[in-house]
Undergrad: 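Mind looking over this structure? Questions follow.
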Amino acid sequence: MTLSVNAREATVAVTETPAVISGLPWIEEGGKVAPKDARVLSRLFMDRLRELEEGTQEHQYARNTLIEMNLSLVHFAARRFRNRGSGDMEDVIQVGTIGLIKAIDRFDLTREVEFTSFAIPYIVGEIKRFFRDTTWAVHVPRRLQELRVDLTKGKESLVAVLGRTPTTKELAAHLGRTEDEVIEGLVAANGYVAGSIDTAGTDDESDSAPTYADSMGDVDPALGLFEDLHTLGPLLQQLDERERAIIEMRFGQEMTQAEIGRELHLSQMHVSRLLSRTLTTLRTGLLHA
């Protein structure tokens with residue numbers, strides 16, 4: 001059958017399948033329904049949706065068709081955010097669709113409000129939450145995330161009036177905040193987008209230009225050794241004179257156990273036992289330091 005949507009507008013070709021959907025036209029591809037037709041059909045599907053039992057095939061059809069027919073609202077709302085940060089538009093569309101689904105589930109026909117007017121705030125709110133919670137390169141408190149938005153809007157307003165970038169003092173006066181709050185917000189805004197360490201650290205954009213990575217420090221391999229030696233010092237002082245002498249000759253002068261034995265008039269076996277005992281004492285002390 002052909003369901004007339006509006007006498008002055010185009011009609012939507014649909015076929016009814018009573019065995020599958022009782023009381024609703026069968027729409028093969030809801031996404032191809034014109035927006036004007038979708039508004040009229042949405043009221044019909046909304047009215048029927050409230051009467052259908054959740055979980056049934058009929059309820060699923062009505063709900064899914066409503067989503068498909070109104071996806072244009074998601075795309076309309078998402079266009080407002082196409083230049084917002086580094087968010088992928090496909091992710092934005094998916095998040096906006098969640099907002100659309102929430103609007104469908106909560107819409108009440110008895111309020112006599114257009115579904116479009118009801119759904120857009122849900123869609124936009126969901127997208128804003130997505131940017132607020134997931135797009136910051138560095139996590140900062142929500143109040144600072146919201147302050148960043150106020151600062152951006154305030155800057156745009158003042159640039160239009162002053163014809164230049166406003167000062168911190170001017171921003172603070174415009175927003176009714178202290179200069180310290182504005183500075184805190186500007187610093188936090190740096191965490192919205194992370195820059196690559198391979199970015200050129202100067203205005204020179206040639207391939208040979210030094211990058212930020214070139215100026216970054218590295219872990220000094222001797223630092224760990226310094227910490228170990230610093231901890232080892234007091235432990236060495238606790239050894240007796242002969243034990244310290246053996247450690248000095250073995251590791252300081254790199255003498256063999258036989259050479260140490262001749263120096264101290266001890267057998268090599270005795271030197272080995274003394275060295276093993278002393279090293280065990282030092283290791284135990286380092287582990288419990």
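All values below come from the heavy atoms of this structure, side chains included, with hydrogens, waters and symmetry mates left out.
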Undergrad: Does the side chain of L44 reach to within under 4.5 Å of the side chain of V40, using non-hydrogen atoms?
TA: no
Undergrad: List the steps and the verdict of side-chain contact (heavy atoms from CB on, under 4.5 Å) for F76 and I123.
TA: CA-CA 10 Å; F76 171 77; I123 297 169; over 6 Å; no
Undergrad: Would you say L162 ends up clustered with V159 if hydrophobic residues are merged whenever their side chains have heavy atoms under 4.5 Å apart, either directly or through other cluster members?
TA: no
Undergrad: Please report the interatomic distance OG1(T167) to NE2(H174), rounded to the nearest 0.5 Å.
TA: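 Atom-to-atom, T167:OG1 and H174:NE2 are 12.5 Å apart.
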Undergrad: Only pairs at least two apart or in different chains count here, so list each salt bridge (charged side-chain N to carboxylate O under 4.0 Å, His left out) that has a residue in residues 149-160.
TA: D150-R177
Undergrad: Between CD1 of I104 and CD1 of I67, what distance do you get to the nearest 0.5 Å?
TA: 5.0 Å
Undergrad: Please say yes or no: joined through hydrophobic side-chain contacts below 4.5 Å, possibly via intermediate residues, are I260 and I247 part of one cluster?
TA: yes
Undergrad: Around Q253, counting heavy atoms of other residues, nucleotides and ligands shown, do more than 12 lie under 6.0 Å from its CD?
TA: yes
Undergrad: How long is the span from the CZ atom in R250 to the CG atom in L274, to the nearest 0.5 Å?
TA: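 Atom-to-atom, R250:CZ and L274:CG are 14.0 Å apart.
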Undergrad: Given 3.5 Å as the limit, does a donor-acceptor pair link the side chain of S276 with the main chain of S272, or not?
TA: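 Side chain of S276 to backbone of S272, a donor-acceptor pair under 3.5 Å: no, none is there.
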Undergrad: Can you tell me how the ring of F115 sits relative to the ring of F107, calling it parallel under 30°, perpendicular over 60° and tilted otherwise?
TA: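 The arrangement is perpendicular - the two ring planes meet at more than 60°.
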Undergrad: If you measure from NE2 on H270 to CD1 on I246, what distance do you get to the nearest 0.5 Å?
TA: 7.5 Å
Undergrad: For L158 and P166, which heavy atoms make the closest approach, and how far apart are they?
TA: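 Heavy atoms only, the tightest pair is CD1-CB, 3.6 Å.
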Undergrad: CG of L279 to OG1 of T284: how many Å apart, nearest 0.5 Å?
TA: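 The CG atom of L279 sits 10.5 Å away from the OG1 atom of T284.
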Undergrad: Quick check: closest heavy atoms across A62 and L52, and the distance to 0.1 Å?
TA: CB-CD1, 4.0 Å
Undergrad: Dump the intermediate steps for side-chain contact (heavy atoms from CB on, under 4.5 Å) on Q94 and F130, then the final yes or no.
TA: CA-CA 10 Å; Q94 290 180 2; F130 165 74; over 6 Å; no
Undergrad: I need the minimum non-hydrogen distance between S42 and N70, along with the two atoms involved.
TA: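 Smallest heavy-atom distance, with atoms named: OG-ND2, 3.1 Å.
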Undergrad: Against I27, only a single residue in D37, N64, L41 fulfils side chain to side chain contact (heavy atoms under 4.5 Å, CB included); can you say which?
TA: L41
Undergrad: When you group the ILVMFWY residues by side-chain heavy-atom contacts below 4.5 Å and let the links chain together, are L100 and I98 in the same group?
TA: no
Undergrad: Could you tell me the separation between the NE2 atom of H59 and the CD atom of E51, rounded to the nearest 0.5 Å?
TA: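 Those atoms lie 11.5 Å apart.
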Undergrad: For F118, is the CZ atom crowded, meaning more than 12 foreign heavy atoms sit under 6.0 Å from it?
TA: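 Buried by this count: over 12 neighbours within 6.0 Å.
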Undergrad: Compare every heavy atom of M89 with every heavy atom of F81, then report the nearest pair and how far apart it is.
TA: O-SD, 4.3 Å
Undergrad: Are more than 12 heavy atoms, taken from residues, nucleotides or ligands other than Q60, located less than 6.0 Å from that residue's CD atom?
TA: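 Counting neighbours around CD of Q60, 12 or fewer heavy atoms of other residues, nucleotides or ligands fall under 6.0 Å, so no.
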Undergrad: Is a donor from one side chain sitting under 3.5 angstrom from an acceptor on the other, for D108 and T110?
TA: yes
Undergrad: Do you know the tightest heavy-atom contact between I93 and A78?
TA: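 Scanning both residues, the minimum pair turns out to be CD1-CB, 3.6 Å.
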Undergrad: In this structure, would L239 and L235 fall into the same cluster of hydrophobic residues linked by side-chain contacts under 4.5 Å?
TA: yes
Undergrad: Would you name the heavy atoms of R244 and L236 that are closest together and state the gap between them?
TA: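 Scanning both residues, the minimum pair turns out to be CD-O, 3.1 Å.
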Undergrad: Would you say D240's side chain and E243's backbone share a donor-acceptor pair under 3.5 angstrom?
TA: yes
Undergrad: Could you go step by step and tell me if R80 and I127 meet the side-chain contact (heavy atoms from CB on, under 4.5 Å) rule?
TA: CA-CA 10 Å; R80 294 173 48 183; I127 294 174; over 6 Å; no
Undergrad: Any chance you could lay out the side-chain contact (heavy atoms from CB on, under 4.5 Å) test for L275 and Q257, step after step, and finish with the verdict?
TA: CA-CA 9 Å; L275 184 60; Q257 293 182 9; 4.0 Å; yes
Undergrad: Looking at E68 and G30, would you say the former's side chain and the latter's main chain have a donor-acceptor pair under 3.5 Å?
TA: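 Here the side-chain-to-backbone pair exists.
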